[in-house]
Each structure stands twice: as structure tokens, then as C-alpha cells.
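Numbers here simply count residues along the sequence, with the first being 1.
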Amino acid sequence: MNELENQIAVVTGAGRGIGRAIALKFAAAGADVACVSRTAENAEKVATEIRALGRRAWAHAVDVAEAASVTAAAAQILTECGKVDVLVNNAGLARDGLIMRMSEADWDTVLDTNLKGAFLVTKAFSRVMLKARAGRIINISSVIGLIGNAGQCNYAASKAGLIGFTQSCARELASRNITVNAIAPGFIETDMTAELKADARAALLQQIPLGSFGSGDDIAGVALFLAGPAARYMTGQVLTVDGGMVM
């Protein structure tokens, strides 16, 4: 079933990990996808994979923390695609450290990318959705935004802020039939978790009732649900996909 047939999706952070999984899942469901990544190489790599599925794809190198970069990319995407039906704000990074040692630069980098980036991208595309009186916005938060984590106060603050941002946007845009929801992944097999030492990995697995890390496809499946017709009556929600970690 092609739930997203004839739709245009924009996915930030699409170059790898969860963003790549979402972009490919959307393409498999019939969407054409604008792949936004920090590097042109990663964006084009995923766009090529999508074209191999028979869908259209565009690659854009964008620093979502920079307003000028976002504005220029959004204008180009709208020129190329003509519309945007689904937006996934997935771009994010971590700069971990205990608060007493955390630099102001590391705080700013994480908040600017993870939270300000979602604001800038949503602002850039919300106008076209408002005119169309339709749209789906999906923000990728984290369980760390719900429970915090030692050594990640900047990351936790950005992901918690993203939940409040989601709920406020949901209230603002609902009258135009635009839904805004968030996904809070737990520990997912990505480049970041691949760097964990064996003892740290074992300790984390003990906190997860299902006993394993998730996959990018686990998150992509939930994103597809939120983007598709079955979720038409859901907005302002946070769906936790974490193997039971924070239940």
C-alpha cells in the first residue's frame, strides 16, 4: 500500500541513521523525498538510493542551525517540488560532557542544531502547508528529553524543548489541518551507539525490557504511520519507541 503516493517529503538529517531510514521508508510508500544533510555527499548518497526505488529525490547540503542556509534551501526545494506535504525534523547531534566541564560552545552547538534547527525548518515550510490547508510535521525527539541523562544536559534540554515546540506548533496549526507530532526514540543502532564501549552497552541493555537496541527502521515505521492517513486525528503527541525503557 502506497500511503504517501504523490506526496513530497522533506527529511532533515537524512544522510544516515534514523533520517536515512525514514527517507527510504517514505520513498517505499510512494513519496518523493528532498534529502537534507549537513554534507552534500551524504545527501546525494541517500537520494541515489531513493531514485533506485523509482521515486524522485533531491539532495541538499544544509546547516539547519543557520537561518540563511535554511531559507535558501527551502526556496530551492519549493521551486523543485512545488509543494511539501510532510516534514521530518530529524537533524541533530550530541556534544556530551558533565555540566561543570561543558563549554558554552558545546551547549550552543547542540541547542542550535537540535532545537533552533527544527524551528527554522518548520518556519520555512509551514507557510506552504498553511496555504494548502494540509500537512504533517514530525519531530524526532528522544527519551533523553523525557528522563534526562548524566553528561547530556545540553542534548536533554534540546530534546525536551522539541517536545514543547511540537505541542505548541500543533495548537497553532491544527485549524489548517496540519498535524504536528514527535517521536522519542530510545537507544537505536546508529553511528553514535556503535561507539559505545562493551560495558556501557551492557549496562544500557539492562535498562531496556525488550533486551535490545532498536533499529532505524523501527523509528521509520512510526514516522510513516504519523505521515499517513491512519494518523489524521493525532496531533501534539509524543510516541516513545524505546523497547519499554521509560514506561
Side-chain angles (χ1 to χ4, degrees), residues 4 7-95 105-106 108-129 136-140 155 158 162 183 185 188-195 215-217 219-220 223-224 227:
L4 303 184
Q7 294 198 30
I8 301 292
V10 175
V11 181
T12 72
R16 60 182 184 173
I18 290 172
R20 172 181 173 273
I22 292 173
L24 292 173
K25 180 74 76 173
F26 282 9
D32 298 322
V33 186
C35 301
V36 174
S37 182
R38 186 179 289 272
T39 69
E41 180 182 4
N42 284 347
E44 184 56 44
K45 182 178 178 180
V46 177
T48 298
E49 292 183 87
I50 289 170
R51 294 180 194 120
L53 297 174
R55 306 307 313 176
R56 293 184 299 164
W58 304 268
H60 294 271
V62 182
D63 180 355
V64 298
E66 294 290 336
S69 180
V70 170
T71 299
Q76 186 176 354
I77 289 169
L78 290 172
T79 297
E80 292 169 339
C81 305
K83 65 171 184 171
V84 170
D85 302 290
V86 183
L87 168 63
V88 179
N89 287 307
N90 169 71
L93 50 76
R95 294 286 186 273
D106 282 348
D108 288 345
T109 296
V110 171
L111 270 291
D112 283 352
T113 299
N114 298 3
L115 185 54
K116 181 183 175 183
F119 157 70
L120 291 173
V121 177
T122 300
K123 182 179 180 181
F125 289 109
S126 59
R127 187 178 299 277
V128 70
M129 290 183 174
R136 302 293 174 88
I137 299 171
I138 302 164
N139 297 320
I140 306 301
Y155 186 79
S158 70
L162 198 53
I183 302 172
I188 306 299
E189 295 283 8
T190 63
D191 292 346
M192 274 196 267
T193 54
E195 297 174 1
S215 70
D217 207 49
I219 308 305
L224 178 59

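- For the atom pair L115 CG and L162 CG, the distance stands at 6.5 Å (nearest 0.5 Å).
- Taking every heavy atom of both residues into account, A21 and A220 meet most closely at O-CB, 3.5 Å.
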Derivation and outcome, side-chain contact (heavy atoms from CB on, under 4.5 Å), residues I77 and V36: CA-CA 10 Å; I77 289 169; V36 174; 4.2 Å; yes
Can you list, pair by pair, the side-chain donor-acceptor contacts under 3.5 Å of residues 64-74, counting residues two or more places apart and other chains?
from : atom 1 : to  : atom 2 : distance (Å)
S69  : OG     : D63 : N      : 3.4
T71  : OG1    : A67 : O      : 2.9

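- Listed by first and then second residue, the side-chain hydrogen bond (donor to acceptor under 3.5 Å, both in side chains) pairs involving residues 7-30 are R16-D191, R20-E49, K25-D217 (not counting sequence neighbours).
- More than 12 heavy atoms of other residues, nucleotides or ligands lie within 6.0 Å of NZ in K83, so this atom counts as buried by the packing criterion.
- The side-chain heavy atoms of N42 and R38, taken from C-beta on, include no pair separated by under 4.5 Å.
- Looking at heavy atoms from C-beta onward, I50 lies in side-chain contact with L24 at the 4.5 angstrom threshold.
- Put simply, the side chain of V11 does not reach to within 4.5 Å of the side chain of V46, judged on heavy atoms.
- Put simply, the side chain of Y155 reaches to within 4.5 Å of the side chain of N114, judged on heavy atoms.
- Counting only heavy atoms from C-beta outward, the side chains of I140 and P185 approach each other to under 4.5 Å.
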Dump the intermediate steps for side-chain contact (heavy atoms from CB on, under 4.5 Å) on D85 and L4, then the final yes or no. CA-CA 9 Å; D85 302 290; L4 303 184; over 6 Å; no
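- Here I219 contributes atom CD1 and I188 contributes atom CD1; the two are 4.0 Å apart, rounded to the nearest 0.5 Å.
- How far CD1 of I22 is from CG of L224: 10.0 Å, rounded to the nearest 0.5 Å.
- Here the straight-line distance linking atom CZ of R55 with atom CD1 of I8 works out to 8.5 Å at 0.5 Å rounding.
- Every residue meeting the salt bridge (charged side-chain N to carboxylate O under 4.0 Å, His left out) condition with R51, not counting sequence neighbours, appears here in chain and number order: E44.
- Scanning both residues, A43 and C35, for their nearest heavy atoms gives CB-O, 3.7 Å.
- Within a 6.0 Å sphere centred on CD of E41, other residues, nucleotides and ligands contribute 12 heavy atoms or fewer.
- No side-chain donor-acceptor contact under 3.5 Å links T109 to the backbone of D106.
- Looking at every heavy atom in both residues, M129 comes nearest to I137 through SD-CG1, 3.9 Å.
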As a quick check of understanding, evaluate side-chain contact (heavy atoms from CB on, under 4.5 Å) for N89 and F119, giving each step before the final call. CA-CA 9 Å; N89 287 307; F119 157 70; over 6 Å; no
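- A227 and F26 make their closest contact through CB-CZ, 3.9 Å (heavy atoms, listed as atom of the first residue, atom of the second, distance).
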